[in-house]
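Just below is one structure, and these are the notes that go with it.
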Number of protein chains: 2
Amino acid sequence: MGRTPRMFSLNPSSGIPIYRQIVHQARFAIASGRVKPGDRLPSVRNIATQLGVNPMTVSKAYSTLEQAGVVVRHPGIGMVASEAGADPASAIDADAQALVRTAKQLGLSRKELVERINKQWEEEWTDQPIPLRRSR
Amino acid sequence: MGRTPRMFSLNPSSGIPIYRQIVHQARFAIASGRVKPGDRLPSVRNIATQLGVNPMTVSKAYSTLEQAGVVVRHPGIGMVASEAGADPASAIDADAQALVRTAKQLGLSRKELVERINKQWEEEWTDQPIPLRRSR
DNA sequence: AAAGTGTACTAGTCGAATTAATACACTTAA
DNA sequence: TTAAGTGTATTAATTCGACTAGTACACTTT
């Protein structure tokens with residue numbers, strides 16, 4: 001049984017908290033289909049050892065994912081990718097909800113909001129991640 | 001000339017930072033049309049005195065508003081409500097942009113994103129657009 | 001000049017977020 | 001039953017950014 005290819009990697013210099021990096025990578029792995037619903041995720045201690053961090057840090061990441069419905073906890077077994085998490089759209093629900101909320105608070109109509117989204121869609125070019133500005 | 005009715009008020013017990021309360025109230029005053037494009041906003045020191053806070057705190061609020069395009073700085077004159085700020089939709093642009101970006105990263109189509117927005121719109125109940133609270 | 005505008009710089013305080021150490025409850029497999 | 005595996009509750013230390021304020025400055029208007 002060949003060891004599973006390391007599923008997570010850390011970028012210490014990114015400034016992004018460890019547990020969030022784990023959350024992001026796991027969520028993306030599932031949303032992209034690399035990990036399918038029903039598949040087990042690496043155990044807390046497995047990841048903790050691999051990355052050299054405390055098990056609790058990994059646990060926090062998993063709890064966050066469970067809270068988000070991306071993963072289901074199976075006592076004694078571990079964390080398993082859920083059906084819901086396999087839908088890429090689910091990953092944006094939290095952000096979408098926040099946006100809708102503020103839009104409503106501002107008295108925007110649904111149509112106006114969608115219009116705004118469409119506009120942003122045109123303007124937003126993801127190909128070039130971000131027009132990085134090099135020092136002269 | 002009658003003193004301008006106090007434009008800002010603080011709710012110390014709300015836990016919301018002072019400068020954010022100012023930002024919110026100013027933005028709403030403009031977005032709602034109570035303050036029209038071209039109108040001057042109260043001066044930093046004026047507000048600071050009224051509210052009993054440091055001028056820098058007010059300045060930070062104004063800087064935030066300028067950053068958001070709600071207000072324009074006129075050196076020697078003060079802060080003036082902008083055209084853009086009068087459009088309530090402009091207030092959500094930053095959030096909308098962030099959402100669009102992650103959606104694209106996840107490989108979502110524009111249609112799927114809009115669909116998700118619509119779904120959230122149905123589920124999200126914000127009966128009171130903005131519960132303006134008059135002191136009884 | 002005098003009086004008004006906003007702000008750069010500095011510094012202090014405070015609280016939430018992050019990470020870790022440890023011990024525990026639980027399930028599976030032998 | 002027991003050994004080895006799973007995730008986690010509790011507690012605590014620490015870090016780090018948000019917030020606020022004091023002061024002095026550059027600027028424009030009148």
Side-chain angles (χ1 to χ4, degrees), chain A residues 1 3-4 7-8 10-26 35 38-82 85 94, chain B residues 1 3-4 7-8 10-26 35 38-82 85 94:
Chain A
M1 30 70 192
R3 217 184 312 90
T4 310
M7 184 167 172
F8 301 101
L10 288 185
N11 181 346
S13 64
S14 69
I16 300 176
I18 297 172
Y19 87 98
R20 285 205 195 178
Q21 295 189 37
I22 297 175
V23 167
H24 183 269
Q25 291 177 30
V35 172
D39 285 357
R40 277 192 51 203
L41 295 179
S43 79
V44 162
R45 284 174 185 74
N46 185 316
I47 300 176
T49 304
Q50 291 271 336
L51 302 182
V53 300
N54 191 283
M56 278 309 299
T57 302
V58 181
S59 175
K60 178 166 185 179
Y62 274 0
S63 297
T64 303
L65 288 167
E66 185 186 24
Q67 166 78 30
V70 176
V71 123
V72 177
R73 179 185 164 198
H74 283 228
I77 302 293
M79 300 304 249
V80 174
S82 75
Chain B
M1 27 80 193
R3 217 183 316 93
T4 311
M7 183 168 171
F8 301 101
L10 288 185
N11 183 345
S13 64
S14 70
I16 301 176
I18 298 174
Y19 88 98
R20 286 206 193 178
Q21 295 189 37
I22 297 175
V23 166
H24 183 270
Q25 291 177 31
V35 172
D39 285 357
R40 279 192 50 205
L41 294 179
S43 79
V44 162
R45 284 173 185 75
N46 185 316
I47 299 176
T49 304
Q50 292 271 337
L51 302 182
V53 301
N54 191 283
M56 280 308 300
T57 301
V58 181
S59 175
K60 177 165 186 179
Y62 273 2
S63 297
T64 303
L65 288 167
E66 185 187 24
Q67 166 79 30
V70 175
V71 122
V72 177
R73 179 186 165 203
H74 282 227
I77 301 293
M79 300 304 250
V80 174
S82 75

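Letters A, B, ... are given to chains in the order of the sequence lines, protein chains preceding strands, and every chain is numbered from 1. For the numbers below, each heavy atom of this structure counts, side chains included, while hydrogens, waters and symmetry mates do not.
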Rounded to whole Å, CD1 of A/Ile16 lies from P of C/dA17 at a distance of 17 Å
From CZ (A/Arg20) to OG1 (A/Thr64), nearest 0.5 Å
9.0 Å
Rounded to the nearest 0.5 Å, what separates atom CD1 in B/Ile18 from atom CG in B/Asn11?
11.0 Å
Calculate the interatomic distance between B/Lys60 atom NZ and C/dT7 atom P; express it in whole Å.
13 Å
Spacing between B/Asn46 atom CG and C/dA3 atom C1', to the nearest angstrom:
15 Å
For nucleotides 23-30 of chain D, give me one character per nucleotide, 5' to 3': B if any protein heavy atom sits under 4.0 Å from the base, S if the only such contacts are to the sugar-phosphate, - if neither.
B----SS-
Could you check how far CD1 of A/Ile47 sits from C1' of C/dT19, rounded to whole Å?
16 Å
Reckon B/Val53 touches a base, only the sugar-phosphate, or nothing at all at heavy-atom distances under 4.0 Å?
sugar-phosphate
At less than 4.0 Å, is any side-chain N or O atom of B/Arg73 found next to OP1 or OP2 of C/dT5? Yes or no.
no
Side-chain N or O of A/Tyr62 versus OP1/OP2 of D/dG7: is the shortest distance under 4.0 Å?
no
For A/His74 and C/dT27, give me the distance from atom NE2 to atom C1', rounded to whole Å.
13 Å
Of all heavy-atom pairs linking B/Ala48 and B/Asn54, the shortest is CB-C, 4.1 Å
Listed nucleotide nearest any side-chain atom of B/Ser43, set D/dG7, D/dT20, C/dT5
C/dT5
Would you mind reading off the distance between B/Glu66 atom CD and C/dT7 atom C1', rounded to a whole angstrom?
11 Å
On a heavy-atom basis, the closest approach of B/Pro55 and B/Val44 is O-CG1, 3.3 Å
How do B/Val58 and A/Ile18 order along DNA chain C: which one's closest nucleotide is nearer the 5' end?
B/Val58
D/dT20 OP1/OP2 closer than 4.0 Å to side-chain N/O of B/Thr57
no
Are A/Gln25 and A/Gln21 side-chain neighbours, meaning at least one heavy-atom pair lies under 4.5 Å?
yes
D/dC16 C1' sits how many Å from A/Arg20 CZ, rounded?
13 Å
Distance, nearest 0.5 Å, that separates OG1 of A/Thr57 from CD1 of A/Ile47
11.5 Å
Looking at every heavy atom in both B/Met79 and B/Glu66, which two are closest together, and how far apart are they?
CE-CB, 4.1 Å
Nearest whole Å is fine: how far is D/dA18 P from B/Ile22 CD1?
18 Å
